[in-house]
Undergrad: 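Handing you this structure, nothing more for now.
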Amino acid sequence: MKASIIGNEIAFKTFNFLKVNDTEISIPNLVQKEFKLKGNNEYVKIDEFDKIKYGISKEALDLNIKYLNYYNSYIAGKDDKKDFGLYLFELDDDYDTLSDMHDIVAEKNSKIRLVLDYTSSGDLNKFRNSVIRILAKEKSVVDLFIIQRDSLDTLALESIGIYACEGAIVNVYQYEVGAGKLYTNYKCELIGDSSQGNLNSIYFGQKDEYLNMNYDMIHSGKKTISNIMVNGALKDKSIKNFKSNLQFIEGASGAVGSEEEYTILLDDSVHSTSVPLMLAHEDDVVGNHASSAGKLDKNQLFYLMTRGISLEEAEALIVESKFSSAIDMINDDKLEDEVWHSVRKIIKEGGLNV
């Protein structure tokens with residue numbers, strides 16, 4: 001019998017009929033299964049993550065530990081620069097379950113770059129439950145790229161927890177371009193003064209895909225800075241439920257935060273829900289939030305078509321323009337081409353009905 005868990009609870013509850021306070025996630029029957037990739041490091045105990053609440057839910061984190069079949073840590077010592085490159089995780093009919101945990105630790109003045117690429121193939125249903133934890137110590141910089149390009153038979157859970165100390169900068173880039181059902185939860189705790197958390201995310205829902213995304217940016221330190229930028233597109237009968245929250249804790253004076261989410265609706269049959277929140281317990285802060293959803297701009301389409309571009313090409317250009325800044329940040333030509341291929345494949349399948 002499948003189990004159900006409740007996850008992605010909103011930071012501040014609203015009316016139940018809106019169906020955004022939380023979500024029920026149906027978990028398949030799980031057994032302990034090996035995974036073809038093996039981590040290289042011993043488990044790293046990170047005390048800071050005992051101090052904060054993060055992840056889709058406690059149940060999702062418990063399932064990750066219970067069925068853990070891949071663990072790795074990525075550590076940069078003081079003043080070091082580490083580019084850990086690409087880690088590719090492919091689910092197929094032989095390895096259809098992945099329960100992975102990644103611990104990223106950047107010591108003082110260090111820099112880390114890491115790419116986690118998730119994909120799948122085959123005919124069987126796939127399940128992924130990923131936990132990614134980042135500890136960025138004083139004046140460190142972390143650049144994390146997460147690529148999701150799975151097939152429509154994949155259920156993916158993604159829990160990201162960040163603890164940023166004084167002067168640390170954590171940049172997370174997400175590329176969600178494939179999964180039957182995706183639940184992602186991002187929580188960044190800006191504990192140290194002058195720390196920064198930046199999220200740049202794109203998503204493209206198609207067919208019957210369901211995306212449930214929850215982003216929390218918690219300002220605790222003084223003069224902290226955060227940016228949440230999410231650009232997406234929906235076509236066919238895809239569904240997106242987006243929640244974001246800027247929270248300024250008492251004492252976070254001088255903090256500045258921004259959250260923005262923009263969705264292109266490519267079919268009348270899609271469903272888009274967005275709930276941007278801002279909670280302030282401190283007077284001396286600046287918070288900005290914006291959210292919009294709509295069809296492609298007819299004036300932009302007309303302008304491009306007067307330049308000899310077909311309607312289909314014009315539609316594709318506008319969609320791609322929303323994703324280009326995030327994809328360009330990968331800074332790896334081969335990987336950028338692969339992400340663009342995933343985006344363009346969605347655009348071409350069935351065309352864009354706008």
Side-chain angles (χ1 to χ4, degrees), residues 37 39-55 61 64 68 70-89 100-118 130-147 158-175 184-201 215-229 249 252 255-257 326 329-332 335:
L37 292 182
N40 299 319
N41 306 111
E42 296 295 327
Y43 178 76
V44 177
K45 181 69 168 65
I46 301 178
D47 294 333
E48 284 81 358
F49 284 94
D50 294 332
K51 304 175 184 178
I52 65 174
K53 180 182 177 182
Y54 66 96
L61 298 179
N64 175 270
L68 189 68
Y70 182 89
Y71 173 82
N72 209 347
S73 60
Y74 316 82
I75 301 174
K78 181 181 177 182
D79 299 320
D80 281 350
K81 294 183 180 180
K82 291 285 187 72
D83 188 342
F84 289 95
L86 170 68
Y87 285 73
L88 176 64
F89 300 89
D100 57 314
M101 177 179 286
H102 307 267
D103 282 338
I104 303 166
V105 181
E107 297 290 345
K108 182 178 180 179
N109 291 324
S110 67
K111 292 185 178 182
I112 288 179
R113 181 181 183 274
L114 172 66
V115 181
L116 303 177
D117 187 358
Y118 297 96
S130 302
V131 175
I132 303 166
R133 306 190 301 178
I134 301 174
L135 172 57
K137 297 189 179 180
E138 184 181 351
K139 296 182 180 179
S140 63
V141 178
V142 176
D143 290 317
L144 172 65
F145 301 83
I146 305 170
I147 302 170
E158 195 171 85
S159 299
I160 304 168
I162 299 169
Y163 192 100
C165 302
E166 182 179 354
I169 301 174
V170 179
N171 304 309
V172 175
Y173 305 89
Q174 287 181 303
Y175 309 89
T184 184
N185 186 289
Y186 165 101
K187 178 164 287 187
C188 180
E189 296 268 0
L190 300 174
I191 302 296
D193 294 348
S194 301
S195 57
Q196 295 185 36
N198 301 301
L199 172 78
N200 196 336
S201 175
Y215 300 104
D216 282 330
M217 196 73 76
I218 314 299
H219 292 256
S220 297
K222 294 179 173 61
K223 296 183 179 180
T224 48
I225 299 173
S226 72
N227 291 282
I228 296 174
M229 173 58 74
I249 304 300
V256 178
M329 295 303 297
I330 297 175
N331 200 27
D332 181 311
L335 197 54

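Here the structure is a predicted model, which means the values were calculated and not measured.
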Undergrad: Rounded at 0.5 Å granularity, tell me how far CD1 in Ile228 sits from SG in Cys188.
TA: 8.5 Å
Undergrad: Tabulate below the donor-acceptor pairs under 3.5 Å that side-chain atoms of residues 192-200 make, not counting sequence neighbours, or state none.
TA:
unit_1	atom_1	unit_2	atom_2	d
Asp193	OD1	Lys222	N	2.8
Ser195	OG	Gly192	O	2.7
Asn198	OD1	Asn227	ND2	3.1
Asn198	ND2	Asn171	OD1	2.9

Undergrad: About how many Å separate CG of Asp50 and NZ of Lys45, when rounded to the nearest 0.5 Å?
TA: 3.5 Å
Undergrad: By ring-ring contact (aromatic ring centres under 6.0 Å, His included), which residues pair with Tyr163, not counting sequence neighbours?
TA: none
Undergrad: With a 4.0 Å cut-off on N to O distance, would you call Glu107 and Lys137 a salt bridge?
TA: yes
Undergrad: What distance do Lys53 atom NZ and Ile218 atom CD1 have between them, rounded to the nearest 0.5 Å?
TA: 11.0 Å
Undergrad: Return the CD1 to OG distance between Ile104 and Ser140, rounded to the nearest 0.5 Å.
TA: 11.0 Å
Undergrad: So among Val131, Asp103, Asp100, which one has a side chain to side chain contact (heavy atoms under 4.5 Å, CB included) with Tyr71?
TA: Asp103
Undergrad: With side chains defined as the heavy atoms from C-beta onward, is the minimum distance between Phe145 and Asp117 less than 4.5 Å?
TA: no
Undergrad: For Tyr118 and Ser130, which heavy atoms make the closest approach, and how far apart are they?
TA: OH-OG, 3.6 Å
Undergrad: Begin from the C-alpha positions of Met101 and Tyr43 and carry the test side chain to side chain contact (heavy atoms under 4.5 Å, CB included) through to its verdict.
TA: CA-CA 10 Å; Met101 177 179 286; Tyr43 178 76; 4.0 Å; yes
Undergrad: Is there a side-chain contact between Leu335 and Ile147, using heavy atoms and a 4.5 Å cut-off?
TA: yes
Undergrad: If you round to the nearest 0.5 Å, how far is CZ of Phe84 from CG of Asp143?
TA: 13.0 Å
Undergrad: Looking at side-chain heavy atoms only, is the closest gap between Ile162 and Tyr186 below 4.5 Å?
TA: yes
Undergrad: Less than 4.5 Å apart, any side-chain heavy atom of Val115 and any of Ile330?
TA: no
Undergrad: Under 6.0 Å from the NZ atom of Lys139, do we count more than 12 heavy atoms belonging to anything else shown?
TA: no
Undergrad: Locate the shortest heavy-atom distance separating Asn40 from Asn72; write the atom from each residue and the value.
TA: N-OD1, 3.6 Å
Undergrad: Once rounded to the nearest 0.5 Å, what's the spacing between atom NZ of Lys81 and atom NZ of Lys111?
TA: 4.5 Å
Undergrad: Run the side chain to side chain contact (heavy atoms under 4.5 Å, CB included) test on Leu114 and Tyr87 for me, step by step, so that the C-alpha distance in whole Å, both residues' side-chain angles and the decisive distance to 0.1 Å come before the verdict.
TA: CA-CA 8 Å; Leu114 172 66; Tyr87 285 73; 3.6 Å; yes
Undergrad: How close do Ala76 and Ile112 get, counting heavy atoms only, and between which atoms?
TA: CB-CG1, 3.5 Å
Undergrad: Determine whether a donor-acceptor pair (N or O, by modelled atom type, separation under 3.5 Å) exists between the side chain of Tyr74 and the backbone of Lys82.
TA: no
Undergrad: In the structure I gave you, are the side-chain heavy atoms of Leu86 and Asp332 within less than 4.5 Å of one another anywhere?
TA: no
Undergrad: Hey, mind stepping through Ser226 and His219 against side chain to side chain contact (heavy atoms under 4.5 Å, CB included) and telling me if it holds?
TA: CA-CA 8 Å; Ser226 72; His219 292 256; 2.8 Å; yes
Undergrad: Quick one: list whatever passes ring-ring contact (aromatic ring centres under 6.0 Å, His included) with Tyr70, sequence neighbours left out.
TA: Phe89, His102
Undergrad: Considering all heavy atoms of both residues, which atom of Gly77 and which atom of Ser110 are nearest to each other, and what is their separation?
TA: O-CB, 3.2 Å
Undergrad: Go through Gln174 and Glu158 one step at a time and tell me if the side chain to side chain contact (heavy atoms under 4.5 Å, CB included) criterion holds.
TA: CA-CA 11 Å; Gln174 287 181 303; Glu158 195 171 85; 3.0 Å; yes
